[in-house]
Amino acid sequence: MAAGTLGAGLRLCATVFLLDMAFSKGFVQDLDESFKDNRKDDIWLVDFYAPWCGHCKKLEPIWNEVGLEMKSIGSPVKVGKMDATSYSSIASEFGVRGYPTIKLLKGDLAYNYRGPRTKDDIIEFAHRVSGALIRPLPSQQMFEHVQKRHRVFFVYIGGESPLKEKYIDAASELIVYTYFFSASEEVVPEYVTLKEMPAVLVFKDETYFIYDEYEDGDLSSWINRERFQNYLTVDGFLLYELGDTGKLVAIAVIDEKNTSIEHTRLKSIIQEVARDYRDQFHRDFQFGHMDGNDYINTLLMDELKVPTVVVLNTSNQQYFLLDRQIKSAEDMVQFINNILDGTVEAQGGDSILQRLKRIVFDAKSTIVSIFKSSPLMGCFLFGLPLGVVSIMCYGIYTADTDGGYIEERYEVSKSEIESQEPTEESKEQEPRSGDALVPTVQGPKDVLEKKKD
C-alpha cells in the first residue's frame, strides 16, 4: 500500500514538473528567418544556440524561467531562441561566434550579454539595457531608492557640456555592465561635496568618487575600472572581466569551509586593506578572495598552498607571490608597495616560452582529466593512434633496412666485377715468357666477320 502511494506521488511530481516545463517553454518563442524583418518593432532577448552544444542544453531550463519571469512582470522585452546552425546567415549578421550567445536586440543595436548564466543576472541585464541609456533622477527620494537597489552606479551632475557628450558615449558602450543616471545638484545627497560642475560620480562601497580628467584619463576607461566594487568574491569569469580594467588583482586564496584562524585572518586582512587604503591603491589594485586553489593553479601552472595571497596581472598573465609572511594589514601594504616599486619579481607572463609551456600544460591537463574520468576512453583515444603510429614507424624502418641491404649487396658485386675486369685484360695482354710472340686468338666475333667477307 505504501509502495503504491509512493509511486503515485512520484508520478504526480513528474507530471507537475513536465507541465511546468511546458508552461515555461510557452513564453520563449522559436525564431526563424522571418525574425530578421519583424524584430525592429519590439525589443528582443535572444538565445542563439546549437542543438549539439552541451552549454546550450544546460542553459535551456534557465532560459525558459527567464521567459516566464519576463512575461509575469509585464516586461516589454520578448524572449526567444534561434537555432544558429539552421539559420546561420542571420546568426552571422548579429555577430554570433560561439554557442550559446545571448543578445538583446533594440532597434538597430545589438548588445552582448557577458555575465553569469543565471536567471536573475540575465533578467537584470535585460532590464538595464532595454530601458533608457541615461535615466533621470528627479528627486532625492528616487536617488535614495537607486542607492538601495544598486551596488554600483554612475551619475552625471550638471547641464549640457562636452563632458556630458563623453558620458553618453561611455554609457552606450558600457550599459551592458552598469547603470547610468543624471541628476541636478539639488538632488544629490548633502554629504556629497562637489568642487566644480559638471561632474561624473560613481557611488559604491557606501561612499562616492569623483572623476578627475587630469588624474583618471579617459572617461570610458575610468568607468570601466570603477564599475566593480573594491572587494569582490572572485571566480574565473570575474577574473576574465577584471582583465579589461588594467588593474592588479590581490586575492586571498582560501578554503571557505575551513574556519581556522589562518584562513579567516588572510581574508580579513585583504578586506581591511581594500577598505582603509582605498584612496591609495584604488587606481592600481582590485581586492577580493577566492574559494579554493583549483582555478589559480591552472592559471599559474603551479601548485599553491592554501591559504595564501597572490597578486595577478590579468592583462599580461604575470603574477606575484608572497615574499613575506602576512600577519597584518601593514605587511600586506608593504608587499603591495614592493610590487609597485619593482622589488618583488614578476613571474609568468605571455612570452613565447610561457605560451609553449601553457600549450604543454593544457595538453597534459586534458589527458590527465580524460584518464581520470574514463580510463577506457583515454586508452582508446591515445592508445590506438600511438599503436598505429608505432606500426607505421616500424614498417618504414624495416623497409629502409631491406632496401639498404640490397643496394649495398649490388654495390659490392658491381665493385667486384669492375676489379676483376682489368685483371683479365692484363692476363690476356701479358706475353708468355720464353716463347715468341703468339698471334692473338681470334674471338668468335672476328671469325664471324671473316666469314661474312
Side-chain angles (χ1 to χ4, degrees), residues 50 52-55 95-101 112 114 224-225 234-254 284-286 288-324 335-336 338-397 400:
W52 44 261
C53 171
H55 293 292
V96 176
R97 299 289 181 268
Y99 311 114
T101 294
N112 285 333
R114 299 176 180 175
N224 193 40
R225 292 195 303 270
V234 181
D235 56 16
F237 175 80
L238 191 54
L239 271 180
Y240 175 79
E241 290 290 306
L242 290 171
D244 295 333
T245 67
K247 291 184 177 182
L248 300 175
V249 187
I251 304 173
V253 184
I254 61 173
D284 300 306
F285 279 86
Q286 186 74 45
H289 75 272
M290 176 176 281
D291 182 20
N293 62 348
D294 292 340
Y295 184 84
I296 289 291
N297 289 343
T298 303
L299 194 65
L300 274 54
M301 296 181 288
D302 198 357
E303 187 74 25
L304 291 184
K305 294 182 179 180
V306 177
T308 188
V309 173
V310 60
V311 177
L312 302 175
N313 186 340
T314 54
S315 61
N316 62 8
Q317 298 184 17
Q318 288 185 340
Y319 61 93
F320 303 86
L321 300 179
L322 290 176
D323 63 346
R324 68 192 65 240
F335 176 56
I336 292 174
N338 289 346
I339 292 174
L340 294 175
D341 62 25
T343 305
V344 180
E345 181 181 358
Q347 302 183 44
D350 55 359
S351 63
I352 295 177
L353 182 61
Q354 286 294 322
R355 292 177 185 178
L356 292 174
K357 184 179 177 182
R358 169 62 62 184
I359 292 173
V360 173
F361 179 83
D362 290 342
K364 179 182 176 182
S365 300
T366 302
I367 293 172
V368 170
S369 63
I370 290 175
F371 273 99
K372 283 184 176 179
S373 59
S374 179
L376 292 177
M377 180 65 71
C379 292
F380 177 77
L381 290 176
F382 298 102
L384 182 62
L386 287 175
V388 172
V389 171
S390 299
I391 294 172
M392 291 175 63
C393 292
Y394 176 77
I396 294 171
Y397 173 76
D400 287 342

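- Atoms CG and CG, from N313 and D284 in turn, are 11.0 Å apart once rounded to the nearest 0.5 Å.
- You'll find the side chain of I296 reaches within 4.5 Å of the side chain of M290, heavy atoms only.
- Shown here is E345, whose CD atom has no more than 12 heavy atoms of other residues, nucleotides or ligands within 6.0 Å.
- Between the side chain of N293 and the main chain of L304, a donor-acceptor pair closer than 3.5 Å is present.
- Counting heavy atoms from C-beta on, the side chains of V311 and F335 come closer than 4.5 Å.
- For the pair P307 and I254, the tightest heavy-atom approach, listed with the atom from each and the gap, is CB-CG2, 4.1 Å.
- Taking CD1 of I339 as the start and CD of Q318 as the end, the distance is 11.0 Å to the nearest 0.5 Å.
- Contact detail for K247 and R225: the closest heavy-atom pair is NZ-O, 3.5 Å.
- Y99 is linked by a ring-ring contact (aromatic ring centres under 6.0 Å, His included) to W52, counting only residues two or more places apart in sequence or in another chain.
- The environment of CZ in F237 is crowded: more than 12 heavy-atom neighbours from other residues, nucleotides or ligands sit within 6.0 Å.
- Here CG of L248 is found 7.0 Å from CG of L340. Values are rounded to the nearest 0.5 Å.
- Two residues are said to be in side-chain contact when any heavy atoms from C-beta on lie closer than 4.5 Å; Y319 and I251 fail this criterion.
- Side-chain contact between L239 and V234 is present, with heavy atoms from C-beta onward closer than 4.5 Å.
- Checked by atom type and distance alone, the side chain of D244 never pairs as donor or acceptor with a backbone atom of N224 at under 3.5 Å.
- The CG atom of L321 sits 4.5 Å away from the CD atom of Q347 when rounded to the nearest 0.5 Å.
- Between the CD atom of Q317 and the CG atom of L312 there is a distance of 10.5 Å, given to the nearest 0.5 Å.
- Atom CD1 of I352 has 12 or fewer heavy atoms from other residues, nucleotides or ligands within 6.0 Å.
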